[in-house]
Each structure stands twice: as structure tokens, then as C-alpha cells.
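The structure that follows is given in the form of C-alpha cells.
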Amino acid sequence: MRSSRMKLLNTSLIAQCLLLIFLFAASQYLLGDYMHTYPSTIHAWTQSDRIALAQNFQTNEFDFFHPATYNLLTTDGITQVDFPLHDYLVASISTLFGTKLISTFRWYTLVYSLIGFLFLFKSLLVLRKSYARAYFGTIFIFTLPFLVYYLNGFLPSVPSLSNFFIGLYFLVLALKKGRDSLLLPAALFISLAALSRSPFVVFLFAVLLSHIWRHRKSLKTHLIQYWPFVLGFVIFLLYWGYNQWLGKSYGSMFLNKSLHFESWTNFIEIIEVAWSRWAGHLFSAYHFFALVILLFFYFTASRFKRPGGEVWTFWRTFIIVSSAGVLIYFLALGQQFAEHDYYYIDSFLPLFVLFFIYVLGKLELPRKWYTPVATVLVLFGVYFFGSAKEILDERYTPAFNDRIDYATNVYKRSKKDLEKWGIKPSDTLYIIEANSTNIPFTIWNNRGYTNLYTSADTLKKELARPFNYAVLVDSFFR
């Protein structure tokens with residue numbers, strides 16, 4: 001018996017090592033050309049704000065509870081922001097090892113994402129003990145085109161997703177083994193996901209409610225299963241309260257208000273815009289058809305399905321409660337989903353992963369279909385990577401009239417010009433038509449103000465601000 005367990009453990013470790021090697025090689029194929037580049041295309045504005053946070057930690061003596069950017073539109077640059085753990089860690093690693101912050105940031109996010117996918121693989125393996133399903137499920141999610149773009153990016157969405165995957169693994173292990181002690185690391189990592197990206201609190205709360213529903217007839221005897229998630233929720237609320245105080249005291253460079261649908265017509269318009277902009281990026285055609293095949297066999301081969309069991313009963317409840325939470329979040333911030341695809345990483349993607357795990361775990365096929373279905377899915381797997389690479393390269397190729405990319409290149413080239421003109425890092429700048437809130441400052445290491453939309457009235461007010469030099473890209477002059 002012990003020999004059998006050791007053999008199984010060794011096989012699992014080998015499979016995990018092979019997965020990590022494969023994903024690392026695949027990430028270099030997909031992202032190798034973009035491991036040291038400054039963000040200048042899709043959502044460069046938002047990503048540069050995270051770079052500014054990390055750079056300011058390096059200059060403000062690593063004051064974690066007063067995160068700041070270079071933009072003085074908030075008091076002293078200090079800003080309200082979700083728990084900036086990853087920006088802080090990147091700044092610390094870059095300072096400790098003397099590495100360039102941009103490259104450090106990209107490697108940090110990529111390595112964190114690979115760790116997350118390892119735990120997703122482990123979760124699938126625990127649930128079904130099928131290496132084929134675990135490999136396929138992990139690769140399917142790993143190659144979603146819009147997600148690939150952020151796997152080595154600067155946003156906290158990917159590290160939070162990885163923390164969610166790690167938390168799921170311990171949750172699965174606790175459910176399968178009946179060990180309540182494993183719920184503590186599950187709550188810890190899902191709470192970390194929520195702290196860094198607040199939408200993940202939906203899933204933290206969903207786990208808690210699912211446990212309560214599971215033991216609704218004997219709540220008092222299962223209190224130990226609730227407190228780790230209650231504690232995580234309380235910590236989330238405490239930081240949320242502090243974050244609100246930051247916003248009121250200093251201001252915010254990040255979204256801090258609802259952007260809900262204004263009407264049914266507005267809802268339809270947003271859905272149409274989101275579909276036209278992101279449909280081919282959220283799922284490639286190959287992902288879509290592979291999913292259709294899986295769902296076809298899931299719904300048609302019902303007589304081959306395994307009995308539910310307590311784990312899958314809990315999982316269904318988890319999906320239902322999470323769906324309600326994601327729907328509420330979507331209604332509250334619906335307009336963002338048309339403009340910012342990374343919002344899907346924090347909401348619909350974790351929900352989809354829960355559903356996808358359920359389908360893979362419950363799917364049973366007649367033996368005669370094993371080989372043909374496996375062959376088709378392997379072929380699709382190859383195309384997953386090709387499609388992801390093609391879409392990724394498109395995302396990194398700026399449009400001919402992309403003002404942000406153009407301005408970023410001008411700011412890079414003009415860094416030495418500022419030095420020649422006697423402009424020092426201590427000087428406060430006013431950037432007219434900056435196209436972003438922090439890009440020029442992260443390149444020049446100056447603080448200052450940005451003007452995003454020029455008009456006579458706006459300029460008249462903003463020119464009264466206390467700055468040393470006004471800067472304008474001459475090509476934008478009109």
C-alpha cells in the first residue's frame with residue numbers, strides 16, 4: 001500500500017515538473033519578445049500607473065500604506081488603490097537585486113502566473129485523477145488570448161487569479177480529504193486575491209455561503225469551517241475602509257465609483273461594443289469549438305456521468321452563488337467591460353474556470369470515444385498556442401494613429417533632452433495632452449500634473465498650478 005502511494009506521488013511530481021517546463025517554454029514562445037518592453041499599446045495607461053506605484057515605493061522608503069504615483073492630481077501623489085502587494089514586492093525585488101523594474105515586473109507576473117497554473121493543474125488532478133484532463137484543462141485556460149497578453153504584464157489581476165487558483169486547490173483538497181485545517185490556506189489565498197483585486201471578494205463570499213448552505217441543518221457543529229473565510233472577509237473590509245479614507249484624504253488615480261448601465265439601450269450598446277472588440281480575444285475560434293465539443297459530450301453522454309457526490313454538490317452551489325455575485329458586479333460596473341478586457345479576468349474568468357472544472361470533472365465518455373476525442377483535443381491544443389501568439393502579436397502592434405504609443409516613444413527619446421535643457425528630476429512638470437496619467441513621469445522620474453483633454457477653459461485653470469515647466473509633444477500642437 002505504501003509503495004503504491006509513493007509511486008503515485010512520484011508520478012504526480014513528474015507530471016507537475018513536466019507541466020512547469022512545458023508552460024515555461026510555451027510562455028517564452030508566446031511572450032519572449034515582450035519581457036523587457038515598456039507598455040505602450042492596449043491599456044498602457046493603466047499598466048503605467050502600476051509601474052508608477054512600484055517606482056514610488058522605491059523612493060518613499062517603501063511606505064506600504066501610502067501608495068503613490070507621480071501624478072500630483074492627488075495630494076503628494078498618494079492615491080487610493082486596492083492592496084498594492086504585488087507592486088510593493090516588485091519594487092522590493094528590483095531594489096534588492098538591482099534589476100530593471102520593467103523587466104522585474106514582467107518576470108514577477110509571469111512566474112506568479114505559472115505557479116497559479118500549476119495549482120490549477122493540481123486541483124484538476126485531485127478531482128479526477130486524470131492527467132489528460134488536467135493537462136488539457138490547464139492548457140485551455142493558459143492559452144486564452146486576452147489572458148496571455150497580461151501573463152507578463154503589470155496589472156494585479158493575474159497574480160490575483162493565481163492566488164485564486166492556489167486557494168481553489170486547498171479548497172478542493174479540504175473537500176476531498178475532509179480536513180478542515182486546509183480551509184485556512186484556501187481562505188488565505190482567496191483573500192489575498194480579493195485584497196489586490198476587489199472583485200475576487202465575490203468568490204471569497206461565495207465559498208463562505210456555500211459552506212453555510214452545505215451545513216445549513218447543523219451550522220453550529222461546523223463553525224470551524226466558516227471562520228477562516230469570515231476572517232478573510234473582515235480583513236478585506238478593514239482594508240477597504242482604510243482605502244476609502246485614503247481616497248477622501250488624498251484622492252484617487254484609480255476608478256472608485258460605479259459605472260453601471262444607464263438604460264436598457266445603454267446595456268445593448270455596451271454588449272455590442274464589448275462583443276465586437278473582445279469576442280475573438282476572450283476565446284479564439286479553436287477554444288470555442290473545443291468547448292462546444294466538450295459540452296456536447298457532457299450533455300449527450302449523461303448515462304456515463306458519475307454520481308454527484310458531496311464535493312460536486314458543493315461545487316454546484318459554489319458556481320450558483322458565484323454567478324449571482326458576478327452578475328451583480330457586472331451590473332454595477334458594466335460600462336468598464338466594453339473598454340477594459342482585464343475586468344473579465346477578475347470576474348467572468350474565475351467563474352468560467354469553476355464551470356470548466358465541473359464539466360471536465362463530471363464528463364464521462366464511452367471507451368470507444370477516448371482516442372478520437374483525445375486526438376481532436378490535442379490538435380486543438382496545438383492551434384490554441386498558434387492563435388494566442390497571432391492575437392498577442394496583433395495586440396503589441398500599435399495602430400498607425402495610436403497616440404499613446406507615439407507619445408511614449410517621444411517621451412523615451414526626449415529623456416536626454418530634458419537633461420540638456422536643465423530640467424531636473426526634482427522639477428515639477430505640467431504635461432499638456434499627455435494621453436495618460438503617468439507614462440511620461442515613469443520615464444523621466446519627475447512628478448507633476450497631466451492634461452488629457454485640451455480646451456481654452458481647461459488650460460486657463462491648469463496653468464495656474466504650481467509647476468516649473470510645461471511640456472507638450474510638438475506633434476500634438478494645434
Atom OG in Ser27, atom CG in Asn152: separation rounded to 0.5 Å?
8.5 Å

Describe, in one word, how the ring planes of Phe233 and Phe236 are oriented to each other, choosing from parallel (under 30°), tilted (30 to 60°) and perpendicular (over 60°).
parallel

Does the side chain of Gln16 come within less than 4.5 Å of Lys122's, by heavy atoms?
yes

Please round to the nearest 0.5 Å and tell me the distance separating atom NE2 of His86 and atom CG of Leu195.
9.5 Å

Distance-only side-chain donor-acceptor flag, Asn71 / Asn438, under 3.5 Å
no

Would you check if Phe318 and Tyr358 make a side-chain contact, meaning some heavy-atom pair closer than 4.5 Å?
no

Compute the ring centroids of Tyr342 and Tyr149, then answer whether they are less than 6.0 Å apart.
no

Looking at Leu72, is its backbone amide N or carbonyl O close enough to the side chain of Arg447 to form a donor-acceptor pair, meaning the two atoms are under 3.5 Å apart?
no

Would a distance-only check, ignoring hydrogens and angles, find a side-chain to backbone donor-acceptor pair under 3.5 Å from Ser347 to Tyr343?
yes

Give the intermediate values and the outcome of side-chain contact (heavy atoms from CB on, under 4.5 Å) for residues Leu31 and Met35.
CA-CA 7 Å; Leu31 300 161; Met35 292 306 300; 4.3 Å; yes

Please determine which of Trp275, Trp278, Phe348 meets the ring-ring contact (aromatic ring centres under 6.0 Å, His included) test together with Phe337.
Phe348

Testing the 3.5 Å rule here: is there a donor-acceptor pair between the side chains of Thr79 and Thr74?
no

Is the Tyr112 to Tyr108 ring centre distance short of 6.0 Å?
yes

Donor + acceptor pair across side chains of Tyr34, Asp393 (<3.5 Å)
yes

Below 4.5 Å, heavy atoms only, C-beta onward: do Leu155 and Gln47 meet side chain to side chain?
yes

Residues Leu204 and Ala187: closest non-hydrogen pair is CD1-O, 4.3 Å

Surrounding CZ of Phe289 (heavy atoms of other residues, nucleotides or ligands, distance under 6.0 Å), is the total greater than 12?
no

Arg50 NZ/CZ over Phe154 ring centroid, <6.0 Å and within 45° of normal
no

Do Phe97 and Thr104 have side chains that get closer than 4.5 Å, going by heavy atoms?
no

Worked check of side-chain contact (heavy atoms from CB on, under 4.5 Å) between Ile141 and Phe117
CA-CA 9 Å; Ile141 303 299; Phe117 279 106; 3.7 Å; yes

List the atom of Arg277, the atom of Glu339, and the distance in Å for their closest heavy-atom pair.
NH1-OE1, 2.9 Å

Under 3.5 Å donor-acceptor, Tyr135 side chain and Ala15 backbone
yes

Taking the six-membered ring for Trp, is the centroid-to-centroid distance between Phe57 and Tyr88 below 6.0 Å?
yes

Atom of Leu175, atom of His211 and distance for their closest heavy-atom approach:
CD2-CE1, 4.3 Å

Is there side-chain contact between Phe140 and Leu291, with heavy atoms separated by less than 4.5 Å?
yes

Do side-chain atoms of Ser198 reach the backbone of Ala194 as a donor and acceptor pair under 3.5 angstrom?
no

Does a donor on one side chain and an acceptor on the other come within less than 3.5 Å for Thr143 and Tyr286?
no

With no hydrogens and no angle check, is any side-chain donor or acceptor of Gln335 less than 3.5 Å from a backbone partner on His260?
yes

Quick one: do the Asp346 and Ser157 side chains pair a donor with an acceptor below 3.5 Å?
yes

Return the CZ to CG distance between Phe142 and Leu147, rounded to the nearest 0.5 Å.
8.5 Å

Counting only heavy atoms not in Lys177 (residues, nucleotides, ligands), do more than 12 fall under 6.0 Å from its NZ?
no

Straight-line distance of Asp87 CG to Phe64 CZ, nearest 0.5 Å
8.5 Å

Do Ser12 and Tyr131 come close enough that some side-chain heavy atom pair is under 4.5 Å?
yes

Carefully, step by step, assess Phe119 and Phe164 under the rule ring pair (Phe, Tyr, Trp, His ring centres under 6.0 Å).
CA-CA 9 Å; Phe119 278 88; Phe164 175 71; over 10 Å; no

Would you give the length of the straight line joining atom OG1 of Thr408 to atom CZ of Arg403, rounded to the nearest 0.5 angstrom?
12.0 Å

Side-chain donor-acceptor pair under 3.5 Å between Thr41 and Asp402, yes or no?
no

Output field: ring centroids Phe441/Tyr411 closer than 6.0 Å:
no

Starting at CZ of Phe121, measure out to CD1 of Ile139 and round the result to the nearest 0.5 Å.
9.0 Å

Do side-chain atoms of Thr95 reach the backbone of Ser92 as a donor and acceptor pair under 3.5 angstrom?
no

Does a side chain donor of either Arg197 or Asn163 reach within less than 3.5 Å of an acceptor in the other side chain?
no

For the student: nearest non-hydrogen atoms of Ser48 and Ile439, plus distance:
OG-CG1, 3.2 Å

For Phe385 together with Phe22, are the ring centres under 6.0 Å from each other?
yes

If you take all heavy atoms of Ile78 and Tyr250, which pair is closest and at what distance?
O-CB, 3.4 Å

For residues Asn409 and Ser40, is any side-chain donor paired with an opposing acceptor at under 3.5 Å?
no

Does OH in Tyr383 sit with more than 12 non-hydrogen atoms of other residues, nucleotides or ligands closer than 6.0 Å?
no

Is it the case that atom CZ in Phe288 sees more than 12 heavy atoms from other parts of the structure closer than 6.0 Å?
no

Least distance between heavy atoms, Leu360 atom then Gly137 atom
CD1-CA, 3.6 Å

Donor-acceptor pair between Asn435 and Tyr406 side chains, under 3.5 angstrom:
no

For the aromatic rings, using the six-membered ring if either is Trp, is the centroid distance between Phe380 and His287 under 6.0 Å?
no

Angle class for the Trp315/Trp312 ring planes (parallel below 30°, perpendicular above 60°, tilted otherwise)?
perpendicular

Is a side-chain N or O of Arg133 found less than 3.5 angstrom from the main chain of Gly361, in a donor-acceptor match?
no

State whether a side-chain donor-acceptor pair under 3.5 Å links Ser276 with Glu272.
no

For residues Phe314 and Leu171, determine if any side-chain heavy atom of one lies less than 4.5 Å from a side-chain heavy atom of the other.
yes

Residue of the set Phe146, Phe352, Phe384 for which ring-ring contact (aromatic ring centres under 6.0 Å, His included) holds with Phe283:
Phe352

Checking side-chain contact (heavy atoms from CB on, under 4.5 Å) for the pair Phe254/Asn243: CA distance, chi angles, key distance, verdict?
CA-CA 11 Å; Phe254 300 90; Asn243 208 21; over 6 Å; no

Heavy-atom side-chain contact between Leu183 and Phe229 under 4.5 Å
yes

Where do Leu114 and Leu118 land on the side-chain contact (heavy atoms from CB on, under 4.5 Å) test, with the steps shown first?
CA-CA 6 Å; Leu114 296 182; Leu118 172 64; over 6 Å; no

